[in-house]
Structure formats: C-alpha cells, structure tokens
Amino acid sequence: MDVIVTIESGRDNELRRIETAVRSELQGQGIQIDRAVTEIKQGGLGVLEVLQFVGENVMLPVLLQALYDYVVKRLREPDGDTLKIQAVRTDLPDGTRSCELTVEGDAKEVAEVLKELQ
C-alpha cells in the first residue's frame, strides 16, 4: 500500500518541513518516505511535489497522526496560512483500489479534521 500526500498553499517548503517532521516517527514504524516531483495533470500549472509513504495496512492511521502532529506544531508559528492536504491511498499496484482524502481550510480547521479522522 502507498499513500501520496500533496500540499497546496502554506509555505514554499511545506512538503520538506512535513517530511523532516514525520520522517523519524514513521520510519520507526516501517514506513518508507520519498519526496518527488511528478508530472503535472492536464490544465495544471507549476511543479507538483509529493510525499509518498509506502508501508503496510496500518500506515494510514499512523500517517494521519503524524500529519496532525505537524499541523498542531505549525499553529504555534506566526503565520496562519490556509492549507489543502490531499492524501490518496492506493492498495493495489495497478491502482484499481484507492481512496482519497482532501482537507482544506485554515491550519486550525485542518488540525481539527485530522484529529477527528484518527
């Protein structure tokens, strides 16, 4: 199973900051993290950076907790940017079984939704 996370809004280096914040916690639980630049969908603009998390079936709850922890820490910082976090989980290599989660709003609202999803 893998989960691909994309972030819109926030800071220019938001994905790098998330990767740094959650890497050791998730790797300790057997979840591999890769950051990559992917091809832009038709009609899209700019470079699309993604974090890909590869692990076992228990990964999604662990990832949601790590994202929640990151957003809560981020709330203590001076800027209150809005965020859009999209996570797409694919269970099968051919992509035939997948689910998508999108959370959008100011950082406090995103944290509240991530907390409810745990």
(request) Look at the side-chain heavy atoms of Ile, Leu, Val, Met, Phe, Trp and Tyr, link any pair under 4.5 Å apart, and say whether Val88 and Leu26 land in one connected group. (result) no
(request) Would you indicate whether the side-chain heavy atoms of Ile31 and Val22 approach each other to under 4.5 Å? (result) no
(request) Enter the distance from Ile85:CD1 to Tyr70:OH here, rounded to the nearest 0.5 Å. (result) 8.5 Å
(request) Give, for atom CZ of Arg74 and atom NZ of Lys108, the distance between the pair rounded to the nearest 0.5 Å. (result) 14.5 Å
(message) Please find the pair of heavy atoms, one from Ile33 and one from Glu19, that lie closest to each other, and give the distance.
(response) CG2-CG, 4.1 Å
(message) Rounded at 0.5 Å granularity, tell me how far CD in Glu112 sits from OH in Tyr68.
(response) 9.0 Å
(message) In the structure I gave you, are the side-chain heavy atoms of Val5 and Leu63 within less than 4.5 Å of one another anywhere?
(response) yes
(request) Enter the distance from Ile18:CD1 to Leu83:CG here, rounded to the nearest 0.5 Å. (result) 7.5 Å
(message) Which residue is it: Asp69, Val71, Val72? I am looking for the one with a side-chain contact (heavy atoms from CB on, under 4.5 Å) to Leu114.
(response) Val71
(message) Please check: side-chain N/O of Glu109 versus main-chain N/O of Asp106, any donor-acceptor pairing under 3.5 Å?
(response) yes
